[in-house]
2 protein chains.
Amino acid sequence: MSSQFGNKIRTLREEQNLLLRQVASILEMDTAQLSKIERGERHAKKETVLKIAVILKVNDDELLTLWLADQIYDVVKDERNAIKAMLVAEEKFEYLKIHKQK
Amino acid sequence: MSSQFGNKIRTLREEQNLLLRQVASILEMDTAQLSKIERGERHAKKETVLKIAVILKVNDDELLTLWLADQIYDVVKDERNAIKAMLVAEEKFEYLKIHKQK
DNA sequence: ATTATATTTGCCAAATAATGTCAAGTCAAA
DNA sequence: TTTGACTTGACATTATTTGGCAAATATAAT
């Protein structure tokens, strides 16, 4: 369980002495929901990540990177070929970035 | 569209002069389904990947790696932080592999 | 200890996404 | 123009994710 994104935003929130329900209310989301997100039991939407970055006054990219990394990790976590597959995916990504096409 | 896994198995199948419907029938799956998998329009189940490896007489890992890479790519394809996130995910994977815990 | 507040948990219904199946479509070769 | 291989699109079915609520637990204050 336990996600890097969740850990990060929980730490930030606590550092700023904000309550779950305060942040949840700004996000117009159930407190329980946010609690689950912080503990990695649920995924946040990208939109939510962006809003949280504003609320906690941090850079988008830092949070988005952790959030994405969690999703990738979920996909590969039980796979023997995880590392190789990530390298292949990186290559494909880099390749397509250069030859910009879908 | 177009997946590395799909391209690979289509190539292998054609090299061996097998018809979609022949392979599909061994897999007990609709021909249309397999067609979509080969063209990357649908995902194969892991179980299906393994069966295909047997049918096409190739190594599991080769196909599983491509199949996984496709899934990773789907997650990151439109993300600015894709590369960074993959690195973070790799580190987490390596880290947990060493400190074997969930 | 009792109350008050914060967070977590479990459950279920609603929403969303993935899959399977079929019929009709295209395309190329005979 | 008929046949066989493959593709496409639509739809029903199934599976997974989400949101929301109420009850349970913790944590803190009085």
Side-chain angles (χ1 to χ4, degrees), chain A residues 1-52 55-56 63 67-79 102, chain B residues 1-52 55-56 63-64 66-79 102:
Chain A
M1 200 115 310
S2 155
S3 64
Q4 311 206 55
F5 171 71
N7 290 339
K8 184 68 186 179
I9 64 173
R10 167 147 298 186
T11 301
L12 288 168
R13 178 175 65 76
E14 288 173 342
E15 280 171 4
Q16 299 176 36
N17 294 307
L18 294 168
L19 299 176
L20 262 185
R21 81 174 150 69
Q22 296 178 302
V23 176
S25 127
I26 299 173
L27 294 168
E28 299 179 272
M29 121 182 317
D30 190 20
T31 300
Q33 199 81 348
L34 185 55
S35 166
K36 286 169 188 169
I37 289 171
E38 285 191 349
R39 286 172 300 103
E41 198 181 308
R42 295 248 172 130
H43 289 310
K45 293 184 197 165
K46 186 171 184 178
E47 190 198 333
T48 305
V49 177
L50 297 174
K51 284 187 192 166
I52 291 176
I55 296 170
L56 299 179
L63 294 190
W67 169 80
L68 235 202
D70 286 339
Q71 292 183 60
I72 296 166
Y73 185 77
D74 275 353
V75 169
V76 305
K77 58 170 173 283
D78 298 317
E79 298 291 337
K102 263 287 142 49
Chain B
M1 200 115 310
S2 157
S3 63
Q4 311 206 56
F5 171 71
N7 289 341
K8 182 69 185 180
I9 65 173
R10 167 147 299 187
T11 302
L12 287 168
R13 178 175 65 77
E14 288 173 343
E15 280 172 4
Q16 299 176 34
N17 294 305
L18 294 168
L19 300 177
L20 259 187
R21 79 176 149 69
Q22 296 177 302
V23 176
S25 126
I26 299 173
L27 294 169
E28 298 178 272
M29 124 182 315
D30 191 21
T31 300
Q33 198 82 347
L34 185 56
S35 166
K36 286 169 188 169
I37 288 171
E38 285 190 350
R39 285 173 301 102
E41 197 181 309
R42 296 247 172 132
H43 289 310
K45 294 185 196 165
K46 187 172 184 178
E47 190 199 333
T48 305
V49 177
L50 296 174
K51 285 186 192 168
I52 292 176
I55 296 170
L56 299 180
L63 294 190
L64 283 170
L66 293 177
W67 169 80
L68 233 203
D70 286 339
Q71 292 184 60
I72 296 166
Y73 184 77
D74 274 354
V75 170
V76 305
K77 59 170 173 282
D78 298 317
E79 298 292 337
K102 262 289 140 52

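Side-chain atoms are counted along with the backbone in the values below, which use heavy atoms only and exclude waters and symmetry mates. Convention: sequence-line order gives letters A, B, ...; per-chain numbering from 1. What you see is a predicted model, and the numbers here were worked out from it, not measured in a lab.
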Shortest side-chain distance from Glu41(B), nucleotide among dT8(D), dC6(D), dT21(C):
dT8(D)
Could you please name the option among dC22(C), dT7(D), dT9(C) that lies closest to any side-chain atom of Asp30(B)?
dC22(C)
Measure from the side-chain heavy atoms of Ala32(A) and tell me the nearest of dT7(C), dA22(D), dA6(C).
dA22(D)
Does Arg39(A) have a side-chain nitrogen or oxygen under 4.0 Å from the phosphate oxygens OP1 or OP2 of dT8(C)?
yes
Got a salt bridge between Glu41(A) and Arg39(A), using NZ or NE/NH1/NH2 to carboxylate O under 4.0 Å?
yes
Determine whether Ile37(A) and Ile9(A) make a side-chain contact, defined as any pair of heavy atoms from C-beta on separated by less than 4.5 Å.
yes
Rounded to whole angstrom units, what separation is found between the CZ atom of Arg21(A) and the P atom of dC21(D)?
17 Å
When rounded to whole Å, the CG to P distance for the pair Leu19(B) and dT3(D) reads 18 Å
NA contact type, Arg42(A), heavy-atom cut-off 4.0 Å: base, sugar-phosphate, or nothing?
base
Using distance alone, with no hydrogens and no angle criterion, decide if Asp70(B) and His43(B) have a side-chain donor and acceptor under 3.5 Å apart.
no
Between P of dT5(C) and CD of Gln22(A), the distance in whole Å:
13 Å
Counting C-beta onward and ignoring hydrogens, is there a side-chain heavy-atom pair between Trp67(B) and Glu79(A) closer than 4.5 Å?
yes
Please determine whether a side-chain nitrogen or oxygen atom of Ser35(A) lies at a distance below 4.0 Å from atom OP1 or OP2 of dT7(C).
no
note: Leu34(B), atom CG; dA5(D), atom P; distance rounded to Å ~ 14 Å
Please report, rounded to the nearest Å, how far the P atom of dC6(D) is from the CG atom of Asn17(B).
11 Å
Think Arg10(A) has a side-chain N or O under 4.0 angstrom from the OP1 or OP2 of dT8(C)?
yes
Rounded to whole angstroms, how far apart are CG on Leu20(B) and C1' on dT26(C)?
15 Å
Just call it for Lys45(B): base, sugar-phosphate, or nothing, with non-hydrogen atoms closer than 4.0 Å on any strand.
sugar-phosphate
